[in-house]
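Worksheet: one structure, shown below.
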Amino acid sequence: MTLKETTQVDKITKIENVNHLCDLRVLNLARNLLSHVDNLNGLDSLTELNLRHNQITMVRDVNNLPCLQRLFLSYNNISNFESVCCLAESPSLSDIAFDGNPIAQESWYKHTVLQNMMQLRQLDMKRVTEEERRMASVVAKKEEERKRESHRQSLLKEKKRLTINNIARQWDLQQHQVTNIATKQDGKDPDSPSRDLCQMDGRAVSEFPEEVGSLDSVLTSTLPGLSVIDTHLVEVDGDTLSLYGSGALESLDRNWSIQTAGMVTTVFFAFIEFDEIVQVFHKLKMKFPNSLHLKFKETNLAMLQQFNALAQLRRVDQLTVDPQGNPVVGFTLWKYYVLFRLSHFSLQKINGTEVTQNDMIMAERLFGILAHVASSELPQYRMISILGDARKKQFRCLQETKGKKPGVVSEENNDSKRLIGENTNRAVLNYTTRDFYDEKLEETKKKKKFCKVYMEDLVKEATEISTKGMALQRLWPQLFIELVRDAVLETRSKNSYMKLCLQQIADQK
């Protein structure tokens, strides 16, 4: 056996059989092969423990040594404070050394040790100053604040995730019910009751109560402090305004600060019917004048003509339509239709792809004839109305630029062209939401009913007048004869007639 092998055999790899040494004051186990420190119970008199030059990664049971004052752990493999956290519970410990360990190379090393072991007088054979303690306290407070903020952000992110999941679940249920209603209305027996939406005591009951309830309970149990009953979410993250759920559209009525509203350049809509979004475009244009990029996900964009509604916005540079929940993306030519209809915006990107001049030419070739046909078939009064709207936009632009500096006007020249540059032929391609159409139809019905009743009254009144006129015409000759006869009889005696007239005048007085 060589000297090196003999030395290796003699080295200690585990602390054992020391619990009976209750009077031992100094224990030197330096330069051994220890990997863990434990089994130290019973060393009640120990004041110094030397464990330098071992392979220690974990320290335990040191807090059970009531008299320990000095602990030397230099040149081991300790890499984090958690592996030696029991030292913080040793009130008698005043001198400790970690130099030569990976932990000593960390930037937070000294501050963490001093903050958790306030009783230390020496660290790594150097006296601990009050300034070092103060700095450790300051750093620890900052770290604690950072952890609290990190925890708060994590909770907010989790709440956001849960809320979006809940909104998505409600959206899926709504779409499922709409699909069921449409399917059953197409081929259902008129005598059979509808089962797509059960009514109990006047309340609507979902078709999947067990599924919804179980998922809610799982989400709530995951984070008890968070609510999963929110039906919409509004979030401003940098320059992006995200709106989840139809209830989020009400946020456009808020009094947004000028700074926040001015920063928003991207607006993201999710889990909202496109027809509902169309109704708030005028608010979006007013509240967020710098919004240039629109994103749509799960908004039921299903027809090309729905893109016509985007023309009423002030400006759009980029458009992103997620295939999820927007069937229109499945149409081969949808991008070309968007470029044709919104040519006055000079779109730069669609779904992240740069728009080229060739794309614009192809769009004009594909859909140019459509606008021509639509405008030629339009009634004259509608064409006059569209031309009037175009003139109003032009006049507004001139009013807005009037009085501004020449430099500013030149910078806004392109924007002005976009505002007033919508081709009249394209302007006839508009989109009317179903709700708006139904309202107009109902309004038209009411007007027709009113006109019908009014005309019937006029006819009735005219008939009555005509009847009276005919009756008067038949009776007039006889009436005229009687009037003449009465007049002759009254004036036959001049004196009597004069007395009668004077008597009538006296009676009137």
Side-chain angles (χ1 to χ4, degrees), residues 1 3-137 139-140 143-144:
M1 184 179 290
L3 178 60
K4 183 176 181 181
E5 289 173 340
T6 304
T7 305
Q8 290 290 103
V9 170
D10 291 342
K11 288 189 175 183
I12 300 171
T13 59
K14 184 178 180 181
I15 300 175
E16 55 187 356
N17 300 323
V18 297
N19 305 96
H20 60 287
L21 303 174
C22 58
D23 295 327
L24 183 66
R25 298 177 64 83
V26 176
L27 178 59
N28 188 352
L29 295 174
R31 299 186 182 280
N32 282 287
L33 298 175
L34 296 171
S35 61
H36 290 76
V37 178
D38 50 13
N39 296 326
L40 296 175
N41 294 328
L43 301 177
D44 296 339
S45 301
L46 191 67
T47 59
E48 182 177 315
L49 178 58
N50 187 355
L51 297 169
R52 291 188 177 99
H53 295 283
N54 277 276
Q55 299 174 4
I56 297 170
T57 59
M58 178 72 69
V59 176
R60 289 191 294 264
D61 294 343
V62 173
N63 55 313
N64 295 327
L65 303 175
C67 297
L68 184 65
Q69 298 177 8
R70 293 175 295 281
L71 176 61
F72 305 108
L73 290 165
S74 306
Y75 300 100
N76 281 282
N77 293 327
I78 300 170
S79 59
N80 57 73
F81 188 78
E82 285 73 19
S83 60
V84 294
C85 60
C86 65
L87 300 178
E89 301 174 10
S90 180
S92 60
L93 194 61
S94 61
D95 189 350
I96 195 169
F98 287 110
D99 54 305
N101 285 273
I103 190 176
Q105 305 302 319
E106 301 290 345
S107 58
W108 45 262
Y109 158 65
K110 181 177 287 188
H111 299 137
T112 302
V113 172
L114 292 179
Q115 175 61 22
N116 288 276
M117 304 173 68
M118 298 295 292
Q119 76 278 16
L120 286 183
R121 295 180 182 176
Q122 287 196 126
L123 176 62
D124 296 335
M125 307 304 292
K126 296 178 181 177
R127 187 164 92 54
V128 178
T129 65
E130 288 302 319
E131 179 62 21
E132 288 175 329
R133 292 186 194 278
R134 190 186 66 79
M135 286 300 297
S137 178
V139 171
E143 181 66 18
E144 187 65 25

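Throughout, residue positions are numbered sequentially from 1 according to the sequence presented.
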When you measure from the side chain of Asn80 to the backbone N and O of Ser83, does any donor-acceptor pair fall under 3.5 Å? yes
Might you point out which heavy atoms bring Leu93 and Arg70 nearest each other, and give the distance in Å? CD1-N, 4.1 Å
Of all heavy-atom pairs between Asn116 and Thr112, which one has the smallest distance, and what is that distance? ND2-O, 2.7 Å
Looking at Leu71, Asn76, Ile78, which one forms a side-chain contact (heavy atoms from CB on, under 4.5 Å) with Val84? Ile78
Is there a donor-acceptor contact under 3.5 Å from the side chain of Thr47 to the main chain of Gln69? no
Could you grab the distance from atom CG of Leu27 to atom CD1 of Ile15, nearest 0.5 Å is fine? 7.0 Å
Value for CG (Leu34) from CE (Met58), rounded to nearest 0.5 Å, stands at 14.5 Å
Shortest non-hydrogen contact between Arg60 and Leu40, atoms and distance: O-CD1, 4.4 Å
Is it the case that Thr57 and Asn77 place a side-chain donor and acceptor less than 3.5 Å from each other? no
Quick one: does Asn32's side chain have a donor or acceptor within less than 3.5 Å of a partner on Asn54's backbone? no
Please check if the side chain of Ser92 supplies one atom and the backbone of Leu68 the other of a donor-acceptor pair under 3.5 Å. yes
Quick check: closest heavy atoms across Met117 and Ile96, and the distance to 0.1 Å? CE-CD1, 4.0 Å
Would you find a donor on one side and an acceptor on the other, under 3.5 Å apart, between the side chain of Asn101 and the backbone of Leu73? yes
Is there a donor-acceptor pair closer than 3.5 Å between any side-chain N or O of Asn39 and the backbone N or O of Glu16? no
Around atom CZ of Phe72, are there more than 12 heavy atoms from other residues, nucleotides or ligands closer than 6.0 Å? yes
Got a donor-acceptor contact below 3.5 angstrom from the Asp124 side chain to the Phe98 backbone? yes
Considering non-hydrogen atoms only, spot the tightest contact between Asp95 and Gln122 and give its length. OD2-NE2, 2.9 Å
Is a side-chain N or O of Asp44 found less than 3.5 angstrom from the main chain of Cys22, in a donor-acceptor match? no
Could you tell me the separation between the NZ atom of Lys126 and the NZ atom of Lys110, rounded to the nearest 0.5 Å? 6.0 Å
Side chain to side chain donor-acceptor pair (under 3.5 Å) with Asn41: which of Asn64, Asn19, Asp61? Asn64
